Visitor: 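Here it is, the structure, as structure tokens.
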Amino acid sequence: MKKLLLIEDSNLFAKAIFRELAINNYYEVHHAASMTEMMALLAKHDYYVAIADLVLPDASSGEVIYKLIGLNIPVVSLTGSFADGLQSSISSLPIVDYVIKESRNDIAYAVRLAELMLFTRSMKVLLAYGDDNEMTVVANHLLPYRFELICVSSIVEAKNKLSMHKDIDLVVSDESLLDGTGLELVRMVRRECDELGLPIIFTLEEQGPAFDAKLLKSGVNDFVVKPFSREELCSRLVNQINNRSRYKQVQNYADAVDRYIITSSTDELGTIRSVSQAFCDISGYSREELIGRNHNIVRHPDMKDEIYRELWQTINSGRSWQGELKNRKKDGSFYWVDVHIDPIFDAGGAIIGFTAIRQDITDKKYIEELSVTDPMTGLYNRRHFNKAFSEVAKEAVERKHKLAFLIFDVDHFKAYNDHYGHQAGDDVLTKMGQTISDFASQHDAYAYRLGGEEFALLFQAISDNEAVTQAESLRTAIENLAIEHNYNSAADVVTASFGLYLQFGPADVAETYKLGDKALYDAKETGRNKVVTYI
């Protein structure tokens with residue numbers, strides 16, 4: 001961390017300056033209350049900048065300032081009051097600026113000047129003057145800020161330098177150049193950069209209010225009328241550099257957001273108006289492919305319509321919405337995000353669009369998925385069944401549908417393992433798992449391996465007949481796998497027995513499981529490879 005030397009004999013002011021410096025904590029601060037203490041610190045350390053009181057008990061005539069200047073240390077000078085003679089002698093020195101200690105604002109200004117040195121040193125400033133003498137005067141005014149000055153006398157030179165040095169941060173231009181006017185230079189610059197991108201300070205002879213207005217409208221950030229003092233020029237310069245620094249900080253922040261935060265904004269109908277690079281990276285789409293398209297371009301078919309209906313109802317009412325969404329990438333794969341969506345309002349309070357910030361939670365959802373998934377078949381496990389039951393049961397009541405619980409297991413699976421081997425038994429479970437998974441996807445059902453050779457489906461049905469038909473369809477699909485099982489009393493291939501329990505209205509998970517299991521028991525006792533239904 002760079003070091004700042006604070007030379008102040010008043011403990012009150014020193015503490016105030018310390019507090020102000022601590023806000024940003026840019027510097028390691030060393031304090032001296034006298035010139036003697038200052039000399040001792042200078043012998044041990046190198047300092048980037050100094051904030052120095054003009055009058056000290058052992059140096060009452062500005063000796064501190066002269067010493068620091070001699071050591072080429074930028075100085076912000078402090079004083080309790082300014083006699084005309086002392087002001088004239090100090091302000092003519094190559095110091096950053098002087099500050100009269102009258103209020104907290106003055107202390108804050110002194111600190112801001114010191115912090116500014118972190119940004120001005122080696123900052124490229126284009127100095128455009130047709131008169132060499134005037135250019136020298138202005139260059140000397142700017143010397144304490146440690147700029148890298150690039151001096152030109154014509155518009156052609158300025159254009160070449162701006163082309164060569166894309167990192168020029170500030171332009172100081174006179175109204176008169178060798179091959180044209182400063183306004184022509186301003187217009188040329190503004191064709192490439194706006195007022196925030198490249199600030200321009202203009203110096204000119206008195207022209208009158210009409211010309212001043214024309215100057216500002218042309219794109220000049222600020223101007224100084226000749227003859228001007230160093231203090232006036234530098235004060236305006238400091239304001240522009242502060243604005244420029246804040247702009248760069250905001251720009252850097254925006255760049256970081258663009259790279260790492262998954263954001264987007266849409267109009268009120270969901271048409272994408274802007275997206276961050278992070279959004280493009282995770283979705284696989286380019287900005288050009290996304291902007292102008294509806295946001296449902298990334299909607300994954302696994303997400304139910306009810307979620308999006310609730311989302312749109314919420315944000316269209318002017319409220320924020322937060323939730324987890326599974327999105328589809330351009331290549332067809334998926335990712336999960338935790339989304340926060342806020343409406344954007346116009347001055348009259350009408351919604352004109354929405355902005356969304358997302359966090360990638362794909363890894364989190366993957367871990368969650370592992371915790372509720374059977375590793376062999378890829379189906380959900382008993383833990384997920386207990387978790388999802390209440391949601392499915394509630395939805396069935398709301399939609400006035402039947403809740404269907406279909407439980408089934410492989411007929412004589414122990415005999416199969418004993419005669420064909422456990423590896424063959426695992427292969428049976430895997431093939432059944434794929435068949436059950438495909439069936440569940442087609443019928444909007446949750447598919448489970450509850451343990452061993454026992455499986456289940458949890459779904460909604462409009463009627464009893466629909467549920468029974470689906471159960472029979474799955475029973476047939478398993479039998480049609482045609483996996484040889486010569487030790488099965490129901491057939492010479494692998495089959496399964498099914499218990500189907502149907503409930504209309506509120507349902508209890510324990511009671512549902514109990515009645516479904518009872519129906520399964522009856523299916524086994526009455527010949528196997530069949531569906532027994534309890535209503």
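The residues of the chain are indexed from 1 along the displayed sequence. In this text, all values refer to a predicted model and were calculated from it rather than measured experimentally.
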Visitor: Indicate whether any N or O donor in one side chain lies under 3.5 Å from an N or O acceptor in the other, for Asn239 and Arg236.
Guide: no
Visitor: Take Lys387 and Glu368 through the test salt bridge (Lys or Arg N to Asp or Glu O under 4.0 Å) and record every step on the way to the result.
Guide: CA-CA 12 Å; Lys387 182 180 177 182; Glu368 287 179 1; 5.3 Å; no
Visitor: Decide whether Ser441 and Asp438 meet the rule of one side-chain donor and one side-chain acceptor closer than 3.5 Å.
Guide: no
Visitor: Would you give the length of the straight line joining atom CD1 of Ile351 to atom CG of Asp267, rounded to the nearest 0.5 angstrom?
Guide: 12.0 Å
Visitor: Among Thr203, Asp212, Ile201, find the one that has a side-chain contact (heavy atoms from CB on, under 4.5 Å) with Phe223.
Guide: Asp212
Visitor: Indicate the atoms forming the closest heavy-atom contact of Gly180 with Ile155, along with that distance.
Guide: CA-CD1, 3.9 Å
Visitor: What pairs with Glu192 under salt bridge (Lys or Arg N to Asp or Glu O under 4.0 Å), at least two apart in sequence or on another chain?
Guide: none
Visitor: Could you give me the CA-CA distance, side-chain angles and deciding distance for Ser286 and Glu289, then say whether side chain to side chain donor-acceptor pair (under 3.5 Å) is met?
Guide: CA-CA 5 Å; Ser286 67; Glu289 291 173 312; 3.3 Å; yes
Visitor: Looking at residues at least two apart in the chain, or sitting in another chain, which of them share a salt bridge (Lys or Arg N to Asp or Glu O under 4.0 Å) with Lys214?
Guide: none
Visitor: Is it true that Glu306 and Arg309 have a side-chain N and a carboxylate O under 4.0 angstrom from each other?
Guide: yes
Visitor: Listing request: all salt bridge (Lys or Arg N to Asp or Glu O under 4.0 Å) pairs with a residue in residues 109-127, at least two apart in sequence or in separate chains.
Guide: Lys124-Asp167
Visitor: If you measure from CG on Leu237 to CG on Leu170, what distance do you get to the nearest 0.5 Å?
Guide: 5.5 Å
Visitor: Picking from Arg328, Lys365, Lys326, what satisfies salt bridge (Lys or Arg N to Asp or Glu O under 4.0 Å) with Asp302?
Guide: Lys326
Visitor: How far does CG of Asp97 sit from OG of Ser235, to the nearest 0.5 angstrom?
Guide: 5.5 Å
Visitor: Check the pair His30 / Tyr47 against ring-ring contact (aromatic ring centres under 6.0 Å, His included), numbers first and verdict last.
Guide: CA-CA 9 Å; His30 296 175; Tyr47 292 99; 5.5 Å; yes
Visitor: Does a side chain donor of either Asp360 or Thr362 reach within less than 3.5 Å of an acceptor in the other side chain?
Guide: yes
Visitor: Assign the ring pair Tyr48 / Tyr27 to parallel, tilted or perpendicular, where the plane angle (0 to 90°) is split at 30° and 60°.
Guide: tilted
Visitor: Grab the two heavy atoms, one from Val96 and one from Met117, that are nearest each other, plus how far apart they are.
Guide: CG2-SD, 3.8 Å
Visitor: Does atom OH of Tyr260 have more than 12 heavy-atom neighbours, drawn from other residues, nucleotides or ligands, at distances under 6.0 Å?
Guide: no
Visitor: Going by atom types only, do Asp255 and Gln251 share a side-chain donor-acceptor pair under 3.5 Å?
Guide: no
Visitor: I'd like to know if Asp258 and Arg287 make a salt bridge, using a cut-off of under 4.0 Å between side-chain N and carboxylate O.
Guide: yes
Visitor: Ion pair present between Arg399 and Glu395, side-chain N to carboxylate O less than 4.0 angstrom?
Guide: yes
Visitor: Any ion pair linking Lys364 and Asp338 (charged N to carboxylate O, less than 4.0 Å)?
Guide: no
Visitor: Using side-chain contact (heavy atoms from CB on, under 4.5 Å) as the criterion, point out the one residue from Val189, Val171, Leu198 that pairs with Leu126.
Guide: Val171
Visitor: Is the shortest heavy-atom distance from the side chain of Val111 to the side chain of Asn24 under 4.5 Å?
Guide: no
